[in-house]
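By convention here, the first residue in the shown sequence is residue 1.
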Amino acid sequence: MRIREIIQGKGGSVVTVHPDRTVLEAMQVLVEHGIGAVVVTRGDEIAGIMSERDVLRLGAASPAALETTRVADAMTRDLIVGVPDDDLQYAMEIMTKNRIRHLPIVENDRLAGMLSIGDVVNALRSHVESENRHLRGYIQGIPS
């Protein structure tokens, strides 16, 4: 299975935030949308990612800084991204190896979607259930 299939199924819209917003504003966006990370963009350019982990690090060091620190100063800049044609297994390995839960998907230098670890787990679970059904049918002589 390819990442493209998951992105098409869930839609390619991605919640973004401008790097000049405050971390508190980014945190409010995370809560409002019920998500764990937001891609930081300036126009069509991807500048980084702000995750719950980034917010917690800043808040633990200085809670008052949440209101005054710009996203650009607290975000993760070294972005790990995937492309729509990446295999889901490969994406899972990259996410696990780098201990990340969100993988921005880029196509033609543009943000094409966001893959979460939950998306990966759900897709793999669905694939295994489908395969299991087919195997049971085969064993029982039921055509699929």
Side-chain angles (χ1 to χ4, degrees), residues 1-138 142 144:
M1 175 178 268
R2 301 276 173 211
I3 291 174
R4 183 177 309 282
E5 297 171 53
I6 296 173
I7 297 301
Q8 287 171 343
K10 71 184 266 189
S13 67
V14 179
V15 178
T16 62
V17 68
H18 193 276
D20 290 335
R21 304 295 295 259
T22 67
V23 174
L24 180 61
E25 290 170 318
M27 183 174 67
Q28 290 166 335
V29 169
L30 293 172
V31 171
E32 176 185 337
H33 292 278
I35 55 177
V38 63
V39 178
V40 182
T41 58
R42 185 181 307 276
D44 287 339
E45 179 187 332
I46 302 169
I49 190 167
M50 165 120 330
S51 69
E52 294 167 317
R53 204 175 281 162
D54 296 318
V55 173
L56 286 172
R57 281 189 189 112
L58 179 63
S62 174
L66 294 171
E67 292 183 56
T68 58
T69 303
R70 292 177 335 122
V71 168
D73 298 326
M75 69 184 183
T76 299
R77 292 178 186 279
D78 296 330
L79 209 52
I80 299 168
V81 301
V83 297
D85 288 329
D86 281 342
D87 183 75
L88 188 61
Q89 205 67 30
Y90 172 75
M92 183 175 68
E93 289 170 17
I94 292 298
M95 293 171 86
T96 302
K97 177 183 171 193
N98 291 285
R99 300 183 62 190
I100 58 174
R101 295 179 291 146
H102 300 88
L103 187 67
I105 306 305
V106 176
E107 186 171 35
N108 300 322
D109 294 324
R110 300 194 87 144
L111 187 59
M114 176 79 95
L115 186 70
S116 73
I117 196 67
D119 297 329
V120 173
V121 169
N122 283 332
L124 291 175
R125 179 192 50 78
S126 178
H127 176 73
V128 168
E129 286 176 358
S130 175
E131 193 173 75
N132 193 5
R133 264 193 313 280
H134 289 295
L135 288 173
R136 284 184 184 173
Y138 176 77
I142 301 169
S144 51

Are I49 and P104 side-chain neighbours, meaning at least one heavy-atom pair lies under 4.5 Å? yes
Please identify each residue that fulfils side chain to side chain donor-acceptor pair (under 3.5 Å) with S51, with sequence neighbours left out. D54
By side-chain contact (heavy atoms from CB on, under 4.5 Å), E93 pairs with (sequence neighbours left out) Q89
Who are the side-chain contact (heavy atoms from CB on, under 4.5 Å) partners of V15, not counting sequence neighbours? V29, H33, I35, V38
Evaluate L79 against I46 for side chain to side chain contact (heavy atoms under 4.5 Å, CB included), listing each step before the verdict. CA-CA 9 Å; L79 209 52; I46 302 169; 3.3 Å; yes
Rounded to the nearest 0.5 Å, how far does CG of D87 lie from CE of M1? 10.0 Å
Kindly write out the residues that satisfy side chain to side chain donor-acceptor pair (under 3.5 Å) with D86, not counting sequence neighbours, or none if the list is empty. none
Pairs under 3.5 angstrom only: tabulate donor-acceptor contacts from the side chains of residues 110-120 to other protein residues two or more places apart or in another chain.
residue : atom : partner : partner atom : Å
R110    : NH2  : D44     : OD1          : 3.0
R110    : NH2  : D44     : OD2          : 2.4
S116    : OG   : G118    : N            : 3.3
S116    : OG   : D119    : N            : 3.1
S116    : OG   : D119    : OD2          : 3.2
D119    : OD2  : K10     : NZ           : 2.5
D119    : OD2  : S116    : N            : 2.9

Determine all donor-acceptor pairs shorter than 3.5 Å in which one atom belongs to a side chain in residues 95-103; sequence neighbours excluded.
residue : atom : partner : partner atom : Å
T96     : OG1  : M92     : O            : 2.8
N98     : ND2  : I94     : O            : 2.9
R101    : NH2  : E52     : OE1          : 3.1

Using side-chain heavy atoms (C-beta onward) and a distance below 4.5 Å, is R4 in contact with D85? yes
For V55, the side-chain contact (heavy atoms from CB on, under 4.5 Å) test, sequence neighbours excluded, returns V23, M27, L30, M50, L66
Sequence-distant partners of D109, side chain to side chain donor-acceptor pair (under 3.5 Å), two or more places apart: none
For residues A65 and L58, report the shortest heavy-atom separation together with the two atoms involved. CB-CD1, 3.8 Å
Would you please name every residue forming a side-chain contact (heavy atoms from CB on, under 4.5 Å) with E25, sequence neighbours left out? R21, T22, Q28
Mind jotting down which residue pairs meet the salt bridge (charged side-chain N to carboxylate O under 4.0 Å, His left out) criterion with at least one end in residues 67-81? Sequence neighbours excluded, please. D20-R70, R70-D73
Give me the atom names and distance for the closest heavy-atom approach of A26 to V71. CB-CG2, 3.7 Å
